[in-house]
Structure formats: C-alpha cells, structure tokens
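Just so you know, these numbers use all the heavy atoms, side chains as well, and skip hydrogens, waters and symmetry mates. Throughout, a chain's letter reflects where its sequence line sits, starting with A, and its residues are numbered from 1. In this text, all values refer to a predicted model and were calculated from it rather than measured experimentally.
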2 protein chains.
Amino acid sequence: MAMTDLNATHDPGRRSFVESANQPDTDFPIQNLPFGIFRRGQDDARGGVAIGDQVLDLRALCTSGLLSEAAAEAACAASGPRLNDLLALGNRVASALRARLVELLAIASPHRAALSPMLVPAADIMMQLPTEVGNFTDFLTSSYHSTRLRPDSTLAPNFMSMPIAYHSRASSVRLCGEVRRPNVQQRIGDEVTFGPTLEMDYELELGAFVGPGNGLGEPLPLDVAREHVFGLCLLNDWSVRDVQRWENTPLGPFLAKSLSTTISPWVVTEEALRPFRVAAFHRGHEAPPLLPYLSSAVDQAQGGFDIRLEALLRSPAMRDGGEPGVPITDTNFRHMYWTFAQMFTHHMSNGCNLQPGDLLGSGTVSGPTPESRACLAELTARGTKPLTLPNGEIRSWLLDGDEVVFRGRASRPGFVSIGFGECRATVAPAVTWPT
Amino acid sequence: MAMTDLNATHDPGRRSFVESANQPDTDFPIQNLPFGIFRRGQDDARGGVAIGDQVLDLRALCTSGLLSEAAAEAACAASGPRLNDLLALGNRVASALRARLVELLAIASPHRAALSPMLVPAADIMMQLPTEVGNFTDFLTSSYHSTRLRPDSTLAPNFMSMPIAYHSRASSVRLCGEVRRPNVQQRIGDEVTFGPTLEMDYELELGAFVGPGNGLGEPLPLDVAREHVFGLCLLNDWSVRDVQRWENTPLGPFLAKSLSTTISPWVVTEEALRPFRVAAFHRGHEAPPLLPYLSSAVDQAQGGFDIRLEALLRSPAMRDGGEPGVPITDTNFRHMYWTFAQMFTHHMSNGCNLQPGDLLGSGTVSGPTPESRACLAELTARGTKPLTLPNGEIRSWLLDGDEVVFRGRASRPGFVSIGFGECRATVAPAVTWPT
C-alpha cells in the first residue's frame, strides 16, 4: 500500500541547514514540513512550509526555478491565500514537493544561498486559516468519551457500527486567538433563561483536511478514501454544555458547537505522520463484525496514529504571575475507535461529496485513564467534581480569561519526533445582548 | 417598520410590456421580480430577474446606463456567477433595483427598445445555484410535523422555547435535477446491513437566503436580524428514514440528510412577499412566554407568510403515460411555529456568524390537516399506511424514477399573486458500491 510506505523523507539521519530545525524539541524538523498560510507585513497571504523557527515562502519557491513538474505544481498551487488548490491536487503531488524540499533544505544543500531569502522568521509573520473550509463535520469516535458522557455510561447502540458524526459550522472555524463566551438558553429546573453560558468547555480533537474528495453520488471505497486524508491539525471543539443538554434532542448539537472552533495553523501531512501509524483500535470480541465498506486489511493494520495530545489551562492568575499553563489532559490519538479513513468513506457512503479543504473533526480524543479525559465535562463529571489546579484555583468549567492550549507530538524509537505547533485561545467575556 | 411596508412596486394595477408577465397564472408578474443565476449557451453565468417567461440579463443591465446609484450597484453585484455579492449589499440596495425595474419593465416603459435585447427566453437558458452556499442550516419549526414524527406524539420539551435546528450539508445543495438513492446502514431487528435505502422521503420546506449577515461574536437583535432575510426559495430536504432512525441518537441527522438537498432556482425577495405577511403563529395559552430575544411586536404581528405550498408525485408510469404528477401535499407556510426572523436571531444568538448567501431551511411545512402533511413519513404513518395514488399505484416511500415537484404561491385579495417556480427532481437508482 503505497500511501503508508516510508521513504527517504522519513530518514531520521537527515538534518537541515536551518539550525533550529535540528533541535530535539522542535515541532518542525525537516522530517515534518507542514503546510500553512502566512502573511508578512503588507504582503499578500501565501502558502508556507514550517522548518524549525522559519517558514519557507512557497510563492517565492514557485517562481524560483528550483522545482520541476509535480513539485512545482504543488508549490505554485500553494502560492495563494488558501491551500485548497494544493489539496485538490492530491497527496502524491504534495509528496513530490516534500521529496524536493528535503533536498533543498538539507544541511549540505547546494541551494542554501538561493533558499535563504525565501525563509521568513516565524516570529515575523501572522498565520491565517490554511483552507477555505467549505464544510466542517465533527465525529464522535472515542468510546471512552462517549461512555463517560452517556447518562447510563454505556455506548450508544450504533457506536460500534458506524463513526457517528454531525455537520458542524464552517463559518466560525478560526485560528488561535480568542473565543467569546456565548449567550444561550439554559433550563434550570422548569425555568428557561437566556444569558452567558455557565458551562463552557473545550474538547481536544484532531482535525483532518480533505484532499481531492469525491463527486456527488460517487462514494469512494475505504482504501481509496484513505488517500484523501491530506493532513491533520489540532482542533478545539468549544462546547457549551448547558445549551447542549437543552437543545440536543431531537436534532443534535447546534448552538452548543457553532459559537466557534479553533484550529492550529499548520497542516501536518499524512506522509509526515506515516512513521507513527499504528493498528486501528482493537474492537474486541463483543463488537459486531465490521461492515465490509468500513473494513480493509490495510486500514485495520495501519489506520491509527500514535500521537500524544495534551491540553493545558492557563488562568488569568497564572498569566499575571508569568506562569505557563498547567496540563489538564494527556491523551493519545491511538485510543480512537474509528480511523480517519473509516470516517471519510462513511461520510461519502451516501453519496455526499467531500471537497478539497473540508475539515473533519475526530471527536474528543479521550482515553481510558483519568488524565486522558479530554474535556472538562469528563474531568469534572459534568461539573459535579471540580478540578483543583496546582495553584489552588478551582474549575468546574472555563472562566473568562482562561486560556486553553493544545499540543500534539508523534514519537517513535528510531524516528525523529514531529509536532503540531500550538492551538491556543482565550475565553473572552460574553457580549451584552444588543437592543 | 420600514421593511414590512408596502410601496409602489406592490401596486396590483401595474403591468409589463412582457406580455407573459401579465397572465394571471404566471409565477413571475412584475410584482415578483425574483433573482437567479442563469447561463445561455457558452456565455458566462450571470444574474437575472424572472419576468413572465423571460429573464432579464443583469450583467447587460449593469452596463446599460439605465440605472443609477444603488440600483446600478445591485445589478452590477449580480453580474457574476453567484448572487452572494448582491446579498451582501443588503435588502435596501436590492430594493432600489426593484423600484427601478418596475419602471423599466412597465407596459408603457420608454426603455422597452433598450431592454428588449437584454431579455432572454427562459426556455433558452440553464439555471444555476443562486449563491455559493457557505453554510446550510435546517430547522424544525412545524409543531404538526414534529408531533406526528415523535414516538409519543408530543412536542419535544424545547420546541416551544427555541427554533430547533441542525447544521446540514452545504456541498450537496443542488438545483432541480436528479437525486441518487443512497446506500446507507439499516438496522432490521438486531442485524445491521448496508445497501440502498428502503425509506427515501421528501420534505417540503422553504429556504431563506441570508443577506449581509453578522460578524463572529456579534449577534443581531430580532428586529435587525429580520432585515437579513433576503429572500426565499422552495427546498426539498431529502430524508432517508432508515438510517435516520439508526444514526440519530446521540448527535442528530447526518447521512440521512447530506445525500443532497434540492432547491428551486429563483430567490423571491422578502420585499416581493410583503403583501403576504401575516401574524406569527398563535402560540396559545399553554406555551411558555417568549424569551425577550425571540420577541418583538413587529415580528409577532407580521413575521409569518401566507404561502401555499404543494408537492406532486409523478411516477414513471405517469411520465410514460404523459400524465402530470398527482398532488400529495397541500399546505401553507402560515402553519410554522417560528418566524424566519426568530430563526435568524436564534442562530446568531451564540455569536455564530451568518454569511451572505447562507441558506436556512424552515423545516417541513406540515399543517394540521391530513392533506397538509408535508413528507411521506407523515402521509404514510412511517410507511405503515401506504398511499394509494389515483392510478392505483401504492407508495410507502419513494421508488426509483419517482419525480417530486414542489410549487409555491402567495395570494391575497387586492394583490397580484406571485409564485416560486418549480423545485423538481427525480430519484435515480443507487450506485453499486465501488471496490
């Protein structure tokens, strides 16, 4: 299966002439090379590739003469203000650029002088949304999350038969920054009121960006659909629990989710993540057999990812004291019951068309252990058992000024560890209702 | 309240030099003037206005010198392949164009000779989607529909407190044409299988297009939000009942809805529909008081619309016999419990941003009477009491080759009746699952 193969770009011995990319703690060694959109000063927004603490300008590279054929096609498709055109070309075209980039950026690269003017310090740029997100779908694929949040602590009857999902809101997907506490309906006893939510929560997820996608009425089988997973980012599916309880029946979450979704700016490609592929979740003897359209030997053997994911909470008091945040979730993406390939093919199975740049959220990445609970609803048993932070502060739910930071990192002996950068946002106070 | 006022464009005595627009059965008299996107031959797609059996080319009008200021701005914004830019300008700008169009198209218009080359026979064109639908949200706002489809035949506890909705799928919104029967998971007894749905249904709805919309975190109060309802179309929210039952808990409808949504091509403006405004649904004594953010005197007095809506079913046998379809639903939009203004402000209430060209579906427009049931699930009591059609054919659910046609028309004594055109699509057989 070509898509899961390793190649020369994964060689752990490879180093870059960008010194910061060779530090063991960098998220962006030469083995990663994630794509994003950046803007410097008054320049047009354009695609870039992160390498250490620098960003390689793909618009400049496109016209440099240093690329040929597919690699040039990829860089030029990433020269505009969104990556959709690059994603539409498919993983193999992006792979050609990656193969060339590891040569160009290598420590002994003969092109170092030509490339240096195309490298921009990450500290000097603003990141923008990587794609125009035409549609955003959010899944529920951790059995641990699902069980902890069900009233009777059992899995929904359909959970083991299909990756459950709902359409979410694309217009409010944003990069790191701030998220405003929403005004919502709450029911307390028999009384329904409207005002700032009292139960604001984060959900730690990974997002997957769609490559070329499929035509309407033209589903793709699992082993083809998996090639349409272009890359991943960190995703905070902000969740508002009081209105979620009140609105959820009969049609699922609506205002509980559409307030905003925060993603990290760098798209870590499927190819970069291949060394960290693992088997799909072990379904166990009690699970029903997989329906054929959700089953393939390759996906069962390699459909998962071993990616450590952490959430940190930084209160205003910590920020005022110059302290970093405190870890509140430490989990791993290998706990997910369904693979992204299964999510993709299930989503297409009724003929629904996925389009380049569409975003699919994995669902909250909760695992079996207490520290792997990946939202406050789980960590505080729906607010009934508040967290006590190391500085003595108490949290049932997020308060105004709280900053939530996600980090993700994939490691495996014999390979260079790669990271996702940060997904960071601060809760801003609710607006006064306009009149 | 200026937005609900009538003006000279509503004058029932007005006639057009386009003779077909003066026929009593036309959907498109000079009092209507809906917007759409059309393409003729190899020409670029562009905005047009329907008048009788003709379409006025807004790109040609934009550069004609016949318009000034806001009217020119509106026509030029509608010169491209989507109406989003027009909608972003707001209803008052579109209204300026409408005011000028009734002069230009009047029976005694001095500009008849100049306009005639800009009029294209509707028979010679292909219509396209009116907007790039960034996001599509579907509501549930008929108490009759909701009650009939609940297992215990009662309203959900939240129904009278908020317009219930779910995010639906924007990428699969299409104009009239065909809709392919989806392959889906079905649970029969304890067995879960995957194959062509056995329970394909239509839902007769109206869609509302969003005008300028709101910024993220910046909700608009009800009486401002109502000015962001640009116009309406017919909407068929194709629904797949077997998978809907199976997937709906815990996160609501997903593949049951995303297969495709069919809309009619013409956007009938809020201004054209003003003569047919009626009071909001009478909530009765048992309803909880409206929360202030969902309540205004104007919306309660004039937030509804009196629009008759019909669904016809045309089987392959009828088509082969040259017969038109048979009416199976005859309902009215005044039965809806919530107004579009309430849907808009509720949608924005948590800070979610609505964008120009976004689409909101009203939910199935079912009324209290048997003939006003607006989907087969209601008409056949979930398939248990099949319909017998006049030609003896039986339907529990839609069969391959069945064509579903929606029509809508607003009438009131003393005013010229206006229509929506047709929303028409045929069920195509499921694809064989690819391998």
Rounded distance (nearest 0.5 Å) linking atom CG of B:Leu251 with atom CD of A:Gln244: 8.0 Å
Can A:Phe194 and B:Met162 be said to form a side chain to side chain contact (heavy atoms under 4.5 Å, CB included), step by step? CA-CA 11 Å; A:Phe194 180 77; B:Met162 60 166 71; over 6 Å; no
Do the rings of B:Phe254 and A:His346 sit parallel, tilted or perpendicular, given the 30° and 60° boundaries? tilted
From the list B:Ala170, B:Pro288, B:Ala428, B:Ala430, the residue making the most non-hydrogen contacts under 4.5 Å with chain A is B:Ala170
Validation row: A:Leu354, B:Arg169 side chains within 4.5 angstrom (heavy atoms): yes
Partner chain A: residue of B:Ser260, B:Pro253, B:Pro157, B:Pro434 with the largest heavy-atom pair count (under 4.5 Å): B:Pro434
Under a 4.5 Å heavy-atom cut-off, does chain A meet the side chain of B:Leu259, its backbone, both or neither? both
Pairs of heavy atoms under 4.5 Å with chain B: top-ranked of A:Met348, A:Glu218, A:Glu247: A:Glu247
Which distance, rounded to the nearest 0.5 Å, do you find between the OG of A:Ser172 and the CG of B:Asn135? 7.5 Å
Pick from A:Gln355, A:Arg174, A:Arg180 with the largest number of heavy-atom pairs that fall under 4.5 Å of chain B: A:Arg174
Where on B:Pro196 is there a heavy atom nearer than 4.5 Å to chain A: the side chain, the backbone, both, or neither? neither
Can you tell me which portion of B:Trp433 sits under 4.5 Å from chain A's heavy atoms? Options are side chain, backbone, both or neither. side chain
For chain B, which candidate among A:Val179, A:Asn183, A:Leu216, A:Asn353 shows the most heavy-atom pairs at distances under 4.5 Å? A:Asn353
Less than 4.5 Å to any heavy atom of chain B: does that hold for the side chain of A:Leu220, its backbone, both, or neither? backbone
At a 4.5 Å cut-off on heavy atoms, which part of A:Pro292 comes close to chain B: side chain, backbone, both, or neither? neither
B:Asn248 side, atom CG; A:Asn158 side, atom CG - distance, nearest 0.5 Å: 9.5 Å
Proximal component of B:Val192, with respect to chain A [non-hydrogen, under 4.5 Å]: both
Engaged part of B:Ala156 at the chain A interface, taking heavy atoms whose separation is under 4.5 Å: side chain
Given that the side chain runs from C-beta out, which part of B:Gln185 has a heavy atom under 4.5 Å from chain A: side chain, backbone, both or neither? side chain
Interface residue of largest heavy-atom contact number with chain A, from B:Pro219, B:Gly351, B:Ser146, under 4.5 Å: B:Pro219
Between A:Pro221, A:Ala256, A:Ser349, A:Ser171, the one whose heavy-atom pairs under 4.5 Å with chain B are most numerous: A:Ser171
To the nearest 0.5 Å, tell me how far B:Ile164 CD1 sits from A:Leu255 CG. 11.0 Å
Side chain, backbone, both or neither: which part of B:Arg187 has an atom under 4.5 Å from a heavy atom of chain A? side chain
Heavy-atom distances under 4.5 Å only: say whether B:Thr197 touches chain A with side chain, backbone, both or neither. neither
For a side chain to side chain contact (heavy atoms under 4.5 Å, CB included) check, start with the C-alpha distance between A:Lys257 and B:Asn350, then their side-chain angles and the critical distance, and finish with the verdict. CA-CA 9 Å; A:Lys257 300 289 190 171; B:Asn350 69 341; over 6 Å; no
Most chain B-contacting option - heavy-atom pairs closer than 4.5 Å, from A:His347, A:Arg181, A:Arg150: A:His347
With a 4.5 Å cut-off on heavy-atom pairs, point out which of B:Gly134, B:Ser168, B:Pro289 contacts chain A the most. B:Ser168
